[in-house]
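Atom set for the values below is all heavy atoms of this structure, side chains included, hydrogens, waters and symmetry mates excluded. Proteins come first, then strands; the chains are lettered A, B, ... in the order of their sequence lines, and each starts at number 1.
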Amino acid sequence: MKLSYYPGCSLHGTALDYDHSVQEICKKLDIELVQIPDWNCCGASSAHMTDHEIGMRLPIRNLMLAQEAGNDILVPCAACFQRLCAADKAIRQDPEHWDVKEYNRDMKIIHISTLLSGADLLKNITALTRRPLTDLTVACYYGCLSLRHPKITGAVNHERPETLENIVRAIGANPVSWSHKTECCSGSLTMARPDIARKLVGDITAAAIRAGASAMVTDCPMCQANVESRQLDNTEKGPLLPVFFASELIAAAFSGQYPKKQQKLHLVSPDIVTDIFQYSSTEGTA
Amino acid sequence: MNPNTTTLPADTHTGAILIVGGGISGMQSALDLANSGFKVHLVERSPAIGGKMAQLDKTFPTNDCSMCIVSPKLVEVGRHKNIELLTHSELKALDGREGNFTATLVQHARYVDTARCNGCGLCEITCPVTCTSWFPEQPAPGEKKKKLKSVEKRIITGPGQPKPESVHPWTFAVDEAACQKCGSCYKACLHKAVIWEKGSTAKIIPEKCTACGACFVACPEKFSAVSASDAPEMEKSLGAAIVARSNAIKGQIAGQDQHDCIRCGLCAMMCEKVMHIGALKMVEEGIEAGIDICQVCGACVSVCPVNFLEISRLTNKMPRPLLNTFNEALNTRKPINIFFPQAVPRVPVIDAGSCVMLNTGACGICSSVCGLEAIDYSHTESELQIAVGSVIFSPGFEVFDAKKRGEFGYGLYKNVVTSIEFERLLSASGPTSGKVLRPGDGSHPKKIAWIQCVGSRDHSCNRDYCSSVCCMYATKEAFIAREHDASIEPTIFYIDMRSFGKNFDAYVTRAKEKNVRYVRAMVSRVFEDPQTGNLELRYVSEGKKLTETFDMVVLSVGIQIPEKTKELANLIGIATDGYGFARTGSFTPLVTSRPGVFVSGAFNGPKDIPETVIEASAAAQAASAGLSTVRGSRITEEILPDEKPPSADDELRIGVFVCHCGANIASVVEVDKVAAYARGLPGVVYADHPLYTCSQDSQEAIRKIIEENNLNRVVIAACSPSTHEPLFMSTLRQAGINKYFFDMANIRDQCSWVHPTEPGLATEKSKRLMRMAVSNASQARPLTELEFAVNSSLLVIGGGIAGMTAAIEAARQGFGVYLVEQQGSLGGQAQSLRWTRDGEDIGRYVQDLIQQVLHSETIKIFTNSMVIDQKGFIGSFESEIMTPSGGTRKIRHGAILVATGAEESRPDLYGLDSLDAVVTQTDFEMMLSATGSTDAVNSIAMLQCAGSRDPDHLDYCSRVCCNQAVKNAIRFKEMHPGGRVDILYRDMRCYGTGELYYRKARLSGINFIRFDPQENPADIRADDQGIEIRVIDPSIGRAVTILPDLLVLSTGIKSRDTEELASMLRIPRNSAGFFIEAHAKLRPVDLPSEGLYMAGTAHAPKDISETIAQAQAAVARATTVLSKKSLKLSGVVSTVDPAHCAVCLTCVRACPYGVPFINDQHTAEINPALCQGCGICVAECPAKAITLGRYLDSNIVAKLTAYTEHETASAEGGQV
């Protein structure tokens, strides 16, 4: 399989490890990723609420660049995924307005979880798993942007998705049944209104803990950052949940190691996973 | 109205009708048609008729038990000689044209012979399978079956070691001749009870044998040298014997706390010898299961008497329990199952996907225990073609799949259920026997929340329409839940409370008084606390964001059309709308795009039961109007022998039959002893105890026995008279005996079923009941059923849309009509209306109707006339009409149809009728149609519920005003795009597809502002200066002032002054002045007096389509009378002895049907044609001047005497 790859700003910044783990596991799964040359910011943070034109033209440029390569696009970041899908819809509805002369409508924009939870890939993931994450109970957390609005994202089960659950089962972990998997983490409001972020994150983690989870898995860099960082603001003493990227855990399951370098990137101690890979003292490839 | 388009002459049409769908709609249509001389073929996809109504617990607004009111219909349809019931069948194709269709039906394989089976249920009870098996691969034809070998084994152990107990032991022995000396039995025996040496035959030591059957299981199939004897039921099959032994052991150790394996061996025997799998083996520690070969059928678990086995431990595959669909998958069933306990036909069906016999050729237990040889595994699907003249398509609905509203957690959170699941939980015959228990942990919930509009009024999942019934059914469920458990606190979260029907608002008010809480807010999300199973709801109320925790949530799911139904409709050419509902015209509400095919019920738009029953009768009328010339052509008349006249010196020759009812009675009552006891009673010359007394061949047998023994009285001790009394009575009649020489003792429903744990006492009680029946029979008198001729004309009172439609349709049915109208012209209230919401011209339609009426040769019109006197009874009425000249005219007719209509309410509010700027909706509609009339009007405000739902004016809802307001508002906006429209409302009651227009109105910029007369009243000032409205708009939370040019009041519908007519015809009226129907749910067009029907707004406010349907329905009901040459009266009627009558008027006042009256001879008189035989007058009459046939004092005394005599007899310790 060959896919165009759109990492987005987050994966080249605070979520650099997400980018690395995605690339690492895709290599092992025989998926060739070709980064879209000269890609630009998709406009997910400020552009789309500042100006509709710029909010669209930014992601549209990326789509046009991808068109040249002709492959489907893989997007790990949920926000980038949302903006690229919106741009795609906009082009289809009114190509003239957006100065698009030709557009191959068969080009798909694929979110990482949708890709990995395909039946064949799940089988391969299980087959390649060297060290299954047995006895790890995780709450799979989706957040908002990769699912809602289904008219934009094409999400199949936007209120009760199952993609991450299927993925973590494939690497031997136990997903819990819980109620807050699509509740908002506060998104970029975490900057302007940390109080709201604290409350929302508090609700999410409380629900995960009540469901018996000892960790969370997500596919959105914003959610990962918010849920870990805002937990630390909580003055009440209670269990803290580390938040892992799905690809991060898959990479560890594949390699049989959970490198210290990766461990240190977490704001909340990832001991629960570290302990599973006790013998991973060597610094493996991140 | 429906011109006959076929080219074939009418008298070659087929006088039979196909009805697709056996729910309440199909059944009502079937009965009306079958009682009007047409042959009916009723096709139902599921194994029994009843539909959704059979699944409901109670019905609104009467809180009647749904099964109680629908099961008489089930029985009537099931035994009607003019209705052919084709259940477990589907329509496959419909060829031909109106008048001459050929319908191709597919009859799915049932594997049970409907003619032989009598529903005793023994097969279902005995079947041990509970799951859909993972069947082993079957050998190709010609190949031999391979023995399954297990490689993955697991030993099941209990808390302690197995405790072998030889309970109800069989005797195992080795047949020396068959024994091949392999030693398998020796190796299998765990108790050293087998003697064997290499090279010699085996022998079982009886003293050591614990009867575990390990040897029996181990002996190879091809040798079968070990036999089992002393095994009850073995003569039927090994499987039956295993089940019998299991039940015997269960009965013996019931109450003991037994959790260890008792090594009865039943599981291993069942698995190896009956299911031919052989996955289980008894070992020292417990049971060894071959988890790879276990087929996961559940049979071993069923027969284990100590619950030692648990299915998921025995297999490496996922168990798939068979779920009971009637109970909405809340409990389980067997592969052979009767759809629900009260099913008609009460014949099981075998589910081919899960039956072991049908998949692997093993088991076969059900067939072995069936005493009537009714099970036939060789059934195949078959096709059937029938000729019919028209078709009624009433397939019903399914509920919205609540998983599509994922935010409510249905399917994930265990304590979130749908409304129909809740009905099953409430039902006494449901999975929890009517206890309100939440599915998650089986606890009693206290706080229950209902969330309305799940899958209705929802554009996001393509369900824009309103399902019409959910507001009422949620209220009912909350109401009834509190009746079951007074600690339940229900809350209903809703948008608008759509209780728009007759007496519906009063019902909601009563519910509020009974502490049902209503919160006008929509729930956005439901969160489950995984530890408690409780549910947190988030909603916004009065501007505040709130969360509240509940123990259970019920989703009020909407009505939708199943995909299969849409396909079928498409196949037979019925045009449907975007949601799958039938497309019908406003003025032809039952007619589809295919001539000759009519629709009714929920498929024709979401509606409740009374509306469905109305449409069903209306569809029956529409379907038969074109076939009136071939009425009776497909009916077979019954030819009866002459009745033997009894003479005074006939000796009593009573025959008694005590029924086994399969195992229903015989498993508790010793029926042979009861029959023997009967033989000894005075007058009894014959007594027997048949296995099934109600079967067809039993009737033949009884007739022969009556003849051979010259019996003149028959007593049957069996089930309830309401089940089979009419059947047995007709058997007597067919044998030439007066049917009132029959009596019944209920020793099932009132004995064996309620005393299963006291067989001795139940037998004594049966003897006593039977003795009472015999004694009663000895006092029986032959009653005659008077027959009298029916006049086939119809009197229609009222010449509006309802009256004219009724007249035209009655004429089409072939009856003469007298149409009496008070006004000078026909047309009624519709003359003030202009167009329907789809823009159809009402005026033109009314004119068209008038022309049809005027040109009919069989309708006699009397305008400016009134009915001033009425005499007679059903089939034979005589009325007097006052004509404009002042003279009177007497007419004779067989039935009366009241269609007197209603009026527009014009309350004295806001200057209506004094200020030009204040008008009613009807005034406004006329303004909109008069060109230029609204040119100067830029802004209008509409006030809903003006003088309605108001204790000072009309205290009820008039149903039509919200839809009418939306219709007119849209029209105004189309005419004045820049104009402003504000509609002030309490609840927008745009039910059904009206919701689509409500949405259209909102999208076109019409404002809807909610007010509340108590909490947030609208302050309206209207005078010469203009109109000013001040109100707080809840959606913005601010006060607004509106200054409209025109104020349009939606004022509602008021009943006419019908006091004189009502009293003359003896029709009761409710407090609002509308006529009261015979039964709110199931007889919405019948008036309580026989032969009187009603239609239109005289019954209750309704729109034009509903009025037309009700008029047709009333004609259908009247046709069941008018189509008959004569009517027979029941013999069980009350008679007054004039000599003792004191004319005290007690009976006149006591009779609930208003039948007794004081005649010209100054005594009370009871018309046998109207008497319902309830006996109240008999009990009330202080002079004992009234007697009721069949219930004379001599009858009652006879029964009481027999009662005490039996007591004496058993006290003396012997039989009489």
(request) Using a strict 4.0 Å threshold on nitrogen-to-oxygen distance, state whether B:R538 and A:E183 make a salt bridge. (result) yes
Would you say [atom1] of [X] has more than 12 non-hydrogen atoms from neighbouring residues, nucleotides or ligands within 6.0 angstrom?
{"X": "B:K317", "atom1": "NZ", "answer": "yes"}
{"X": "B:K447", "atom1": "NZ", "answer": "yes"}
{"X": "A:E96", "atom1": "CD", "answer": "no"}
{"X": "B:R313", "atom1": "CZ", "answer": "no"}
{"X": "B:K403", "atom1": "NZ", "answer": "no"}
{"X": "A:E53", "atom1": "CD", "answer": "yes"}

(request) To the nearest 0.5 Å, tell me how far B:D529 CG sits from A:S179 OG. (result)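 These two atoms lie 8.0 Å from each other.
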(request) Tell me, out of B:R405, B:E407, B:E536, who's got the most heavy-atom pairs with chain A below 4.5 Å. (result) B:E407
(request) Sort by residue number and list every member of residues 185-210 of chain A having a non-hydrogen atom under 4.5 Å from chain B. (result)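 Listed by number: A:D203, A:R210.
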(request) Sort by residue number and list every member of residues 148-163 of chain A having a non-hydrogen atom under 4.5 Å from chain B. (result)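 Listed by number: A:E159, A:R160.
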(request) Heavy atoms only: give me the nearest B:P530-A:A211 pair and the separation to one decimal. (result) CG-CA, 3.4 Å
